[in-house]
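I have placed the structure first, in the form of C-alpha cells, so that the comments after it can refer back to it.
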Amino acid sequence: MHYILVSDAISEEGLAPLLEMEDAEIIQKRVDDPEVPLDKIEALLVRSATKVDEELMEKMPSLKIIARAGVGVDNIDVQAATKRGIIVVNAPDGNTISAAEHTFAMMASLMRNIPQAHQSVKNLEWKRNAFVGTELYGKTLGIIGLGRIGSEIAKRAKAFGMSVHVFDPFLTKERAQQMGIISGSLDDVLMNADIITVHTPLTPKTKGLLNEQTLSKTKKGVFLLNCARGGIIDEKALAKFIANGHVAGAALDVFETEPPGENPLFKFDNVIVTPHLGASTKEAQLNVATQVAKEVKMYFEDKPVLNSINLPAMSKDIYEKIRPFHHLAKQIGSMLSQCVKEGVNEISVTYSGSVVDLETTYLTKALLSGFFKNRIDANVNEVNAMLTAKERGVTVGEKISSNTFGYSNCISVMIKGDIRNYSIRGTFIENYGPRIVYINDFNIDFFPDGNLLYIQHIDRPGVIGRVGKILGDHHINIATMQVGRKEVGGEAIMILSCDKPLDDEKVKLLQELDDIVSINQIIL
Ligand SMILES: NC(=O)C1=CN([C@@H]2O[C@H](COP(=O)(O)OP(=O)(O)OC[C@H]3O[C@@H](n4cnc5c(N)ncnc54)[C@H](O)[C@@H]3O)[C@@H](O)[C@H]2O)C=CC1
Ligand SMILES: O=C(O)CCC(=O)C(=O)O
C-alpha cells in the first residue's frame, strides 16, 4: 500500500488519478496532524502553505516524491530532497493564465483605484474626483522575468496598446523581436517603465531585486506589481519609496511572510493587496492538481515523471527511446555492484552508436543508482546518484566513442577498484532485448535479468557437468547458460540463469568444486 499525503488545499476533482489507485491510501490532512503516519508517507502533495524542509524530511524516511501543485518550489528545500533521492515535481504551466490574468486585474485595479473606489461607494460616499486614474494605453510596461507568466502578460499588454520593455537574462533577441517587445538590461527597464511587474522565481539572486538602490533608478511616479513571490521587491524599501511619493502605487499578491499579519505597507491607500490569489481559479486549481496527481501516479507505475525539478525533463517520446537503455544501464550498475566486493575509486562509462543521441547523463545516473543501491543502506536513485558518488569519493567519468564493437549501440563501463579493474559492455538489440556482451576480457552474450551465476573457472572437460549436477541435485533448474573463454584450457567464464536463487550453502558447494576460481551470484 502506498501512503500519499495531501497536506494543502488541493482540488479534489484533480486528485482523481490518485483516488482511482487501488494500492494507495490518500490522506488529506495537514502534515502536522498527529494522526498522519509520517514514517509511511511515500508521496507528499503541497501548495505553498506547507514548508517542506530538512526537518520534515527527516521525519518522513519513506518519502520518495514531493509534488508541488503550482510553480514556485521556494517552500521546498530542493537541495535537501535531492540529497535524499526524493524527486520534486511541480505543475509548471497549469496556473500560468490565471496568474497572468490576476496580474493584469491588479494592474488595472491599481491604475484605476478600483478597490479604493469600491470601498468608498460602499461607505455611502460619491467621490468621483478622488479616484481619477491613469490609462494603460501608451504606457511602458517593464517586465522582469519573461517566462511563462511574463510572456502572457506581455501579450496582454500589447493588446492594451502598451509598449513592453523586458529584462530576462535568458531571453534571446530573436524571441523578443518575434514578440514585438524590447529586451534590455535591468537598468533599461528601471529607467523607462511607467509600470514594473516582476515574474521571476524567488532565488538568492532575485531576493530584493527591487531594493532602495534599484528603486532609485525608476521614474518618479512609477507603479509596481509583485504577483510572483514576496521578497523580490524588498518591502521595507517599497514602504520608503511609497512614503516619499516616488512610487505612485503598488499592487501585491505576495508577501515576504505569508500570511503577512500587520504590515507597514497596509497603511498606504495606494497599496492594494490580495492574499496570494494568483493561481486561485477553478481552472488553475483543477489543472495543477491533475498535473501533479498524474505525475505521482506515473511515479508509482514506474513511468517517467515529466516535470521534475531535480531530474532532466523528458517528453514521453524521448522516454520511450531512452527506456531500454535506462533499464540496461541500471542492470549493468547492479551487476557490477554484486561482482565488485572491494572499494571503488572510479567508474567510467563510455557510450557509442545510437545511444549517444540520448540523454546519456541520465543513463549514467541510472547506472550509478543501480550500482550504489546494493552497496549502501540509503535511497539512491537518478536524483542523488551523482551526489552519492561524490560523497563516497568515487570519480565518475562519461565519454562518447565511435567504437561500437560491431553493435549498433554500446554502453561500456570500467571500474577501478582497490584491488583490480572490472569492465563490462552491454548493448540493446531491437526486437531481442538487452544483452551483456563482454565481461572482464571475455566475449559473452546473455540477458541481464533474473537469478544469475557468474562463474570464473578453468576451461577443462567436466567442469560444466559438475556445476550442473550440484544444481540438479538441489532441484535448481538452469534456464540458460553461456560460456566464454580466451584460449583452450585457459581461464573461462560461464553465466547461468537459474529459475530460483541459491542459498549460501549451495554457492559454497559450487565454490568448492575443482577448477572453479570464483562464483558471484547476481540477482537482477
Ligand atoms: N501569485 C501566484 O499565485 C503565482 C506566483 N507564481 C510565481 O511566478 C513565478 C514565475 O512563474 P513562471 O513564469 O511560470 O516561471 P518561469 O520559470 O516560466 O519564468 C521565470 C522567468 O524568470 C527569469 N529569471 C530568472 N532569474 C531572473 C533574474 N535574476 N532576472 C530576471 N529574470 C530572471 C527566467 O529566465 C524565466 O524566464 C514563479 O516562480 C512563482 O514564484 C507562479 C504562479 C502563481
Ligand atoms: O498554490 C497557490 O495557490 C500558489 C500558487 C503559486 O504561487 C505558484 O504556483 O507558484
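Each ligand, and each atom within it, is numbered from 1 in the order the structure gives. One-based numbering along the sequence shown.
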Please state which part of [X] comes within less than 4.0 Å of ligand 1, counting heavy atoms only: side chain, backbone, both or neither.
{"X": "Ile149", "answer": "both"}
{"X": "Leu146", "answer": "backbone"}
{"X": "His102", "answer": "neither"}

Using 0.5 Å steps for rounding, measure from the CZ atom of Arg323 to the CG atom of Leu328.
14.0 Å
List the closest protein heavy-atom neighbour of [atom]: residue, atom name, distance to the nearest 0.1 Å.
{"atom": "atom 44 (C) of ligand 1", "answer": "Ala99 CB, 3.8 Å"}
{"atom": "atom 30 (N) of ligand 1", "answer": "Phe167 CE2, 3.4 Å"}
{"atom": "atom 4 (C) of ligand 1", "answer": "Cys227 O, 4.0 Å"}
{"atom": "atom 1 (O) of ligand 2", "answer": "Arg47 NE, 2.8 Å"}
{"atom": "atom 9 (O) of ligand 2", "answer": "Val71 N, 2.6 Å"}
{"atom": "atom 38 (C) of ligand 1", "answer": "Val71 CG1, 3.8 Å"}
{"atom": "atom 7 (O) of ligand 2", "answer": "His276 NE2, 2.7 Å"}

For [X] and [Y], test the side chains for any donor-to-acceptor distance below 3.5 angstrom and give the result as yes or no.
{"X": "Asn381", "Y": "Ser369", "answer": "no"}
{"X": "Asn310", "Y": "Thr82", "answer": "yes"}
{"X": "Thr360", "Y": "Glu398", "answer": "yes"}

Please state which option from [options] has its nearest heavy atom closest to [atom].
{"atom": "atom 10 (C) of ligand 1", "options": "Met106, Glu152, His199", "value": "His199"}
{"atom": "atom 5 (C) of ligand 1", "options": "Ser151, Ala228, Gly278", "value": "Ala228"}
{"atom": "atom 43 (C) of ligand 1", "options": "Asn95, Val166, Asp93", "value": "Asn95"}
{"atom": "atom 26 (N) of ligand 1", "options": "Thr206, Thr96, Thr274", "value": "Thr206"}
{"atom": "atom 23 (C) of ligand 1", "options": "Thr200, Asp168, Leu209", "value": "Asp168"}
{"atom": "atom 40 (C) of ligand 1", "options": "Arg47, Arg148, Arg229", "value": "Arg229"}
{"atom": "atom 19 (O) of ligand 1", "options": "Gly150, Gly94, Gly147, Pro92", "value": "Gly147"}

In terms of relative ring orientation, are Phe300 and His2 parallel, tilted or perpendicular, with 30° and 60° separating the classes?
parallel
Phe241 and His246 aromatic ring geometry - parallel, tilted or perpendicular at 30°/60° bounds:
perpendicular
For ligand 1, which atoms, with element, lie under 4.0 Å from some heavy atom of [X]?
{"X": "Pro169", "answer": "30 (N), 31 (C), 32 (N), 33 (C)"}
{"X": "Pro201", "answer": "20 (C), 22 (O), 25 (C), 39 (O)"}
{"X": "Gly145", "answer": "22 (O), 23 (C), 32 (N)"}
{"X": "His276", "answer": "1 (N), 2 (C), 3 (O)"}

Number the atoms of ligand 2 from 1 as they appear, then name those within less than 4.0 Å of a heavy atom of [X], with their elements.
{"X": "Arg229", "answer": "6 (C), 7 (O), 8 (C), 10 (O)"}
{"X": "Gly72", "answer": "8 (C), 9 (O), 10 (O)"}
{"X": "Ala279", "answer": "3 (O), 5 (C)"}

Proximity flag Leu202 to ligand 1, non-hydrogen atoms under 4.0 Å:
no
Are any of the N or O atoms of Arg68 closer than 3.5 Å to those of ligand 2?
yes
Answer yes or no: does an N/O atom from Gly70 fall short of 3.5 Å to an N/O atom of ligand 2?
no
Quick one: are the ring centres of Phe160 and Phe104 less than 6.0 Å apart?
yes
The answer for which part of Val254 has a heavy atom under 4.0 Å from ligand 2 is neither
I'd like to know if [X] and [Y] make a salt bridge, using a cut-off of under 4.0 Å between side-chain N and carboxylate O.
{"X": "Glu54", "Y": "Arg84", "result": "yes"}
{"X": "Lys330", "Y": "Glu382", "result": "yes"}
{"X": "Asp32", "Y": "Arg30", "result": "yes"}
{"X": "Arg156", "Y": "Glu152", "result": "yes"}
{"X": "Lys294", "Y": "Glu301", "result": "no"}

Checking side chain to side chain contact (heavy atoms under 4.5 Å, CB included) between Val88 and each of Val383, Asp77, Ile309, Asn307, which is the one that passes?
Ile309
Could you go through Glu256 and Asn263, starting from their C-alpha distance and side-chain angles, then the distance that decides it, and tell me whether this counts as side chain to side chain donor-acceptor pair (under 3.5 Å)?
CA-CA 10 Å; Glu256 286 172 8; Asn263 187 312; over 6 Å; no
Apply side chain to side chain donor-acceptor pair (under 3.5 Å) to Ser401 and Thr350, showing your working.
CA-CA 7 Å; Ser401 160; Thr350 306; over 6 Å; no
Determine, stepwise, if the pair Ser11 / Gln285 fulfils side chain to side chain donor-acceptor pair (under 3.5 Å).
CA-CA 6 Å; Ser11 154; Gln285 284 313 307; over 6 Å; no
May I ask you to check if ligand 1 and Phe170 share an N or O to N or O distance below 3.5 Å?
no
Kindly determine whether Arg229 and Thr206 satisfy side chain to side chain donor-acceptor pair (under 3.5 Å), including the steps that lead there.
CA-CA 10 Å; Arg229 272 298 175 276; Thr206 60; over 6 Å; no
